[in-house]
Number of protein chains: 4
Amino acid sequence: MPEPKQNVGRPRDAQIDGAIVRATRELLVERGYAKLTVDAVAARAGIGKAAIYRRFATKQEMIFAATVHDMREQPPPDSGSLRGDLAAVCRTIAAQLGEAPPDVLHGLLADIHADKELGARFTGSFIERERYVLDVVLDRARERGELEDRPDTATVHALLIGPVFFWLLILGGDRERVEALSATVAESVADFLVKA
Amino acid sequence: MPEPKQNVGRPRDAQIDGAIVRATRELLVERGYAKLTVDAVAARAGIGKAAIYRRFATKQEMIFAATVHDMREQPPPDSGSLRGDLAAVCRTIAAQLGEAPPDVLHGLLADIHADKELGARFTGSFIERERYVLDVVLDRARERGELEDRPDTATVHALLIGPVFFWLLILGGDRERVEALSATVAESVADFLVKA
Amino acid sequence: MPEPKQNVGRPRDAQIDGAIVRATRELLVERGYAKLTVDAVAARAGIGKAAIYRRFATKQEMIFAATVHDMREQPPPDSGSLRGDLAAVCRTIAAQLGEAPPDVLHGLLADIHADKELGARFTGSFIERERYVLDVVLDRARERGELEDRPDTATVHALLIGPVFFWLLILGGDRERVEALSATVAESVADFLVKA
Amino acid sequence: MPEPKQNVGRPRDAQIDGAIVRATRELLVERGYAKLTVDAVAARAGIGKAAIYRRFATKQEMIFAATVHDMREQPPPDSGSLRGDLAAVCRTIAAQLGEAPPDVLHGLLADIHADKELGARFTGSFIERERYVLDVVLDRARERGELEDRPDTATVHALLIGPVFFWLLILGGDRERVEALSATVAESVADFLVKA
DNA sequence: CGGTAAGCGAGACGGTACGTCGAGTCTTATG
DNA sequence: CATAAGACTCGACGTACCGTCTCGCTTACCG
């Protein structure tokens, strides 16, 4: 969202920012990602299309901004064990993933990977953040003495989040079992890392 | 690809089938999923659009056919251990996933999940097939005595394929390390299942 | 209206050509030139906008084609006198001008003069034609012995058509008095030319 | 240009009035009527759009003011003959018409006729003024004894101005010959009226 | 062996959404 | 108050793509 140049001119109406996000989210749920139109968002938000395109270069940017809202993931409180920490991380991320309908996530991912710049922003803000959180958790475990060697973070990332991601987005798995799956994954990964 | 009613009339030109697939793959690489148009495929293949729509109901079906060809996944030969079998399954699927560019897979998944009926067909053919393969592998392990209790197949599915999927499609991870990741995942999952 | 390249491909639907013209004329009368929209024309004609833009490069071209239909002005039959001939020419052109509402004519003229290429086509087809008709009439008068010197056609053109044009389009004059005005103009111009 | 309510508050910047007119004229010449935008005028004049809309209700009013400035047509000094008076009137109006480019006049006329109320105002100010001038001239001729019957002013208006108008706006005629055309028209009309 | 059903390239068709642009209005901060 | 800057609504524009539909041909099987 490219902010207005200076303090000159009429400032952006902050209510409109909110209305766009709200309308987008509502329509995403009501009609699904594929049937979301900019006109519909504008109509629902009670604004003109120009107000949207003044804020976002494309429809995708708009959805991106409306969907992946400030996901400022924080490292979990120290649970005392790697397994506990991993379970906490996994649960948090799983909960976030579970919020949006699968078609929205897939649509978003498709659009993100269709546009280099958007892809870079996505990686920069989300993936990097998750990676940082895992770094913290793994460093803790090392200091705690649970880990002898520091494992590759990316690998752990995949081992930990991959199953939940796959469960929700590909298998269309039961959302109520995600919590249990998170625990299972955390146990499995912790065991594996500690054993090594 | 539904075949013609009878043997009457001019038969389909088999060269066209190939040309469509070839053109689709080329354009997918050159322009990416989002910018692939049916007109462009027809033009590149030197054929008319009708020839495409006579073979495929939608653009997605066409891309599907051109991309994830004959995924008639077979249970791997018995390697003698659960870990070996899992590694084989994981490696195979990882190899398939690694063939197509990420944007294509994401686009396809998005389109699949945009349409309920298409989503059902996808699950019915691919997911069920993978599940069947895992069933076989897990049953083997049980007979072998490696497993005491038969674990939930869906969970194993997620634990095994999820990380590879995530690695390739979300993390944009190195394709050359996928093989190693497959081995790691197989080891981790096998350990976890056997221990339990 | 750029015709289709060759005999290949699906031919243009001639009914659509007619429907566009009809819808355009109707809406021009109903809503006026300024409020004519391409979407409305398409909707009224029961066709898609693409069908219009396949035929006309711009909205203006469409209106041009729909409005100034084949005005193949013919020299009037020899009335036996310059005055009679001029009156005939003036009456015919006045009748054509009087057909369309003033706002349409003004809109059209504005658009024509806004686009060089369109302006050239307009001059080429209409002005030149009228000029040709006047040439014939003036040559007749010369042969008849009414005129000693051949007057400048453009000047006669202006003297003859100008008043009627001004009456209808600028003064918003009574349409029923146009016929009388035509006669007056013809008499005035004929007298002037013969006298000289 | 409605003046500010009172003498309170900051007075209008008179330089801005001039800047608007200048910018409008420049852009009208550079880009033509159809491509003139209010934003462009504001930018060129180095002012805000609000400053324009505080002075003019619409874009058309602005162009109007910048183009056909103070047409407070006055009856010409008595030349001693109807023909001389008519020539003077015609020359003056022709000169005014000839100042602005044809596309501007056509655009303006189109906009004027697109709005009933605007059309009425136009007629009320310009046409009526010209009509008044002709009334004076014709009355003079009557008093002078040149005319027996008082001819219809509207008809004379059309006969006199129509040809020049047509010459400049429709025929795209040579601007240098307008003076000569004015004389011709005046002679023709005067002859016709006196003869009758 | 000739009829005919189906295939074919080309491209027009209806529909739908996109992103852009302009007019006229409104809002802020500044003078 | 007037001003510059620029955001706002509204509504049309012209473009692009999808999936369908003709057109005039060509091709091979079936009677």
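All values derive from a computational prediction rather than experimental measurement. Lettering of chains follows the sequences in order, A, B, ..., and the numbering in each one begins at 1.
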Atom pairs under 3.5 Å: protein N/O with N/O of nucleotides 17-23 of chain E:
unit_1 : atom_1 : unit_2  : atom_2 : d
E:dC18 : OP1    : A:Val38 : N      : 3.4
E:dC18 : OP1    : A:Lys59 : NZ     : 3.1
E:dC18 : OP2    : A:Val38 : N      : 2.8
E:dG19 : OP2    : A:Tyr53 : OH     : 2.2
E:dG19 : O5'    : A:Tyr53 : OH     : 3.3
E:dG19 : N7     : A:Lys49 : NZ     : 2.9
E:dG19 : O6     : A:Lys49 : NZ     : 3.0
E:dA23 : OP1    : D:Lys59 : NZ     : 2.9
E:dA23 : OP2    : D:Val38 : N      : 3.0

Starting at atom [atom1] of [X], determine the distance to atom [atom2] of [N], rounded to an integer number of angstrom.
| X | N | atom1 | atom2 | value |
| --- | --- | --- | --- | --- |
| D:Asp17 | F:dA2 | CG | C1' | 12 Å |
| B:Gln15 | E:dG9 | CD | P | 11 Å |
| B:Asp111 | F:dC17 | CG | P | 15 Å |
| B:Ile20 | E:dC8 | CD1 | P | 8 Å |
| A:Phe56 | F:dA7 | CZ | P | 14 Å |
| B:Ile52 | E:dG11 | CD1 | C1' | 14 Å |
| A:Ile16 | F:dC10 | CD1 | P | 11 Å |
| B:Leu27 | F:dC17 | CG | C1' | 15 Å |

I'd like to check the side-chain contact (heavy atoms from CB on, under 4.5 Å) partners of [X]; sequence neighbours left out, ordered by chain and number.
| X | answer |
| --- | --- |
| D:Ala43 | none |
| C:Tyr53 | C:Val38, C:Lys49 |
| A:Thr58 | A:Gln60, A:Glu61 |

**Prompt:** Heavy-atom distance under 4.5 Å between the side chains of A:Leu36 and A:Met62, does that happen here?
**Reply:** yes
**Asked** Any side chain to side chain donor-acceptor pair (under 3.5 Å) pairs touching residues 20-29 of chain B, not counting sequence neighbours?
**Response** B:Glu26-B:Arg44
**Request:** Applying side-chain hydrogen bond (donor to acceptor under 3.5 Å, both in side chains), name anything that partners C:Glu117, two or more places apart in sequence or on another chain.
**Result:**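 Partners of C:Glu117 under the side-chain hydrogen bond (donor to acceptor under 3.5 Å, both in side chains) test: C:Arg121.
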**Prompt:** side-chain hydrogen bond (donor to acceptor under 3.5 Å, both in side chains) with D:Asp103: which residues, sequence neighbours excluded?
**Reply:** none
**Prompt:** Closer to the 5' end of DNA chain E via nearest nucleotide, is it C:Ala51 or B:Ala45?
**Reply:** B:Ala45
**Message:** Going by the rule ring pair (Phe, Tyr, Trp, His ring centres under 6.0 Å), which residues pair with D:Phe64 if we only count those two or more places apart in sequence or in a different chain?
**Reply:** D:Phe126
**Request:** Using a cut-off of strictly less than 4.0 Å, decide whether C:Arg12 has a side-chain nitrogen or oxygen near OP1 or OP2 of F:dC21.
**Result:**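 No, outside the criterion.
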**From CA spacing to verdict: side chain to side chain contact (heavy atoms under 4.5 Å, CB included), B:Tyr33, B:Asp111** = CA-CA 11 Å; B:Tyr33 189 91; B:Asp111 285 344; 2.2 Å; yes
**Request:** Take A:Gly46 and D:Ala42, find for each the nucleotide of DNA chain F with the closest heavy atom, and name the residue whose nucleotide sits nearer the 5' end.
**Result:**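 On the 5' side of the pair lies D:Ala42.
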**Request:** Take nucleotides 26-31 of chain F nucleotide by nucleotide from the 5' end and write B, S or -, depending on whether a protein heavy atom sits under 4.0 Å from the base, only from the sugar-phosphate, or from neither.
**Result:** BBSSS-
